[in-house]
A.B. asks: 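I have a structure here, written as structure tokens, and I will follow up with some questions on it.
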There are 2 protein chains.
Amino acid sequence: MLSKKSKYAIKALLGLAEHGSDEPMRIADLARQESLPQKFLELILLDLRNAGVVQSRKGKGGGYLLARPAERIMLGQVVRLFDGPLAPVPCASQTAYVPCADCADEATCGVRLAMKEVRDATARILDQTSLAAVRRKQAAAARKGGRS
Amino acid sequence: MLSKKSKYAIKALLGLAEHGSDEPMRIADLARQESLPQKFLELILLDLRNAGVVQSRKGKGGGYLLARPAERIMLGQVVRLFDGPLAPVPCASQTAYVPCADCADEATCGVRLAMKEVRDATARILDQTSLAAVRRKQAAAARKGGRS
DNA sequence: ATATACTCTATATGATTGATAGACTAAAGG
DNA sequence: CCTTTAGTCTATCAATCATATAGAGTATAT
């Protein structure tokens, strides 16, 4: 399951992407626009900032903006930041490998072999899907749904 | 993350598949062989039985066996049984769709569009991988690792 | 200076996970 | 039958995690 943090983070980033990179967007506005609990969103944005995904400015006229073009912010980084490794089991993770304590022979562990395929498929998708790509999908879906 | 229940369930089922379908295997033996906590395994096997994945026999000479050939037991069923829907968000689930309470327009929700791809990829893998297929992968990996 | 708006730490709490205990029931076999 | 064997079922529990909320603190613009 995707945590609320990841979900809210993606929504917030999409909101920032839509807002544009000219001037910062305030937390309060972002929370209202995306229907996110503001105080919770603050924590999320803080994590995103510490990870270098967004930038912030304090004081009047301050707020948040994307730290780089939406084309270069991948969902994989966001999901890993809040939910940890993509792999269903730690021993199948590429970026955060941890061996199983109990596993007798990892190389031939059935669970690991199957879950490695899942993790690879997930990583292929999330590491190649940028915020900009999501926005394009949204636009395409809107066009499709709109022809009634 | 895959829960321990799912992980143990797959291990136990692989153990039963290896044991063969001639005679039942006792919980205690299965737990020892696969290094699983026995009392916990009992609950897992009970769920698997209620789901029709395994059969049980009571009394002397009793135990558990697969309810159908290993070729026809898919990982997807097992994982769904213990961890729920494969989709990272309920609104992207095929088998257990639940709309988001807050979502303004589901058709163009960016999170949903991206996560639907993840769920489809995951389902493609887990619903097409049988216990027998996993066993073949294990054998192949053993051959590969064994040429030292 | 002062209002603005992000920053940081602490806390609550409810659900979920992983696991254990023990009483109960059905079947086999003498 | 009656005893042994082995699965069945319910309750409970500790620990962890997820989802927030509160409030004091800090930097910035004007």
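Protein chains get the first letters and strands the later ones, always in sequence-line order, with residue 1 at the start of each.
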A.B. asks: Find the distance B:Met1:CE to D:dC17:P and express it as a whole number of Å.
C.D. replies: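 After rounding, the reported distance stands at 10 Å.
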A.B. asks: Looking only at side-chain N and O atoms, does A:Ser56 come under 4.0 Å of OP1 or OP2 in C:dT7?
C.D. replies: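 Looking at the OP1 and OP2 atoms of C:dT7, one of them is under 4.0 Å from a side-chain N or O of A:Ser56.
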A.B. asks: Could you give the CZ-to-C1' distance, from A:Arg57 to D:dT30, as a whole number of Å?
C.D. replies: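 Going from CZ in A:Arg57 over to C1' in D:dT30 covers 16 Å.
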A.B. asks: Are B:Asp83 and B:Ser6 close enough that a side-chain donor and a side-chain acceptor fall under 3.5 Å?
C.D. replies: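 A donor-acceptor contact under 3.5 Å links the two side chains.
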A.B. asks: Provide, to the nearest angstrom, the distance between the NZ atom belonging to A:Lys5 and the P atom belonging to D:dA18.
C.D. replies: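 Distance check: A:Lys5 NZ to D:dA18 P gives 8 Å.
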A.B. asks: State, yes or no, whether a side-chain contact exists between B:Met115 and B:Arg112 at a heavy-atom distance under 4.5 Å.
C.D. replies: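 Heavy-atom side-chain distance check fails, nothing below 4.5 Å.
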A.B. asks: If only side-chain N and O atoms of A:Tyr8 are considered, is one of them under 4.0 Å from the OP1 or OP2 phosphate oxygen of D:dT19?
C.D. replies: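 Indeed not, no polar side-chain atom of A:Tyr8 lies that close.
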A.B. asks: Atom CG of A:Asp83 to atom P of D:dA18: distance rounded to whole Å?
C.D. replies: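 After rounding, the reported distance stands at 8 Å.
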A.B. asks: B:Ser3 side chain: which of C:dT4, C:dG18, D:dA6 is closest?
C.D. replies: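 Of C:dT4, C:dG18, D:dA6, C:dG18 is nearest to the side chain of B:Ser3.
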A.B. asks: More 5' along DNA chain C: B:Phe82 or B:Gln38, using each one's nearest nucleotide?
C.D. replies: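 Its nearest nucleotide being more 5', the pick is B:Phe82.
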A.B. asks: Out of C:dT4, D:dT19, C:dG18, which has the shortest distance to the side chain of A:Lys4?
C.D. replies: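 Comparing C:dT4, D:dT19, C:dG18 against the side chain of A:Lys4, the answer is D:dT19.
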A.B. asks: Please determine whether salt bridge (charged side-chain N to carboxylate O under 4.0 Å, His left out) holds for the pair B:Arg80 and B:Asp127, giving the CA-CA distance in whole Å, both sets of side-chain angles, and the decisive distance to 0.1 Å.
C.D. replies: CA-CA 10 Å; B:Arg80 283 199 189 83; B:Asp127 284 335; 2.9 Å; yes
A.B. asks: Whole angstrom is fine here: how far is it from CG in A:Leu36 over to C1' in D:dA20?
C.D. replies: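 Whole-Å distance recorded here is 13 Å.
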A.B. asks: Rounded to the nearest angstrom, tell me the gap between atom NZ in A:Lys60 and atom C1' in C:dA1.
C.D. replies: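 After rounding, the reported distance stands at 14 Å.
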A.B. asks: If you measure from the Lys or Arg side-chain nitrogens to the Asp or Glu carboxylate oxygens, is any gap between A:Glu23 and A:Arg57 under 4.0 Å?
C.D. replies: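 No.
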A.B. asks: With side chains defined as the heavy atoms from C-beta onward, is the minimum distance between A:Ser21 and A:Leu66 less than 4.5 Å?
C.D. replies: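 The answer is no, as the side chains (C-beta and beyond) never meet within the 4.5 Å cut-off.
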A.B. asks: Over how many whole Å does the gap from B:Glu23 atom CD to C:dA28 atom C1' extend?
C.D. replies: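 Taking CD of B:Glu23 and C1' of C:dA28, I get 15 Å after rounding.
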A.B. asks: Salt bridge check: are B:Glu71 and B:Arg136 linked by an N-O gap of less than 4.0 Å?
C.D. replies: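 Yes, B:Glu71 and B:Arg136 are salt-bridged.
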A.B. asks: Would you kindly give the NZ-to-C1' distance between B:Lys58 and D:dT3, to the nearest whole Å?
C.D. replies: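 About 16 Å, once rounded to whole Å.
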A.B. asks: Tell me which residues in residues 39-47 of chain B lie within less than 4.0 Å of DNA chain C, going by non-hydrogen atoms.
C.D. replies: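 Hits under 4.0 Å, by residue number: B:Lys39, B:Phe40, B:Leu43.
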A.B. asks: Spell out, as yes or no, whether a donor-acceptor pair under 3.5 Å connects the side chain of A:Arg68 to the backbone of A:Arg72.
C.D. replies: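 It does hold such a pair.
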A.B. asks: So, OP1 or OP2 of C:dT7: does either fall under 4.0 Å of a side-chain N or O from A:Arg49?
C.D. replies: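 Yes, A:Arg49 has a side-chain N/O under 4.0 Å of OP1/OP2 on C:dT7.
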A.B. asks: If you pin B:Ile27 and A:Pro37 to their nearest nucleotides in DNA chain D, which one's is more 5'?
C.D. replies: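 Upstream on the strand: B:Ile27.
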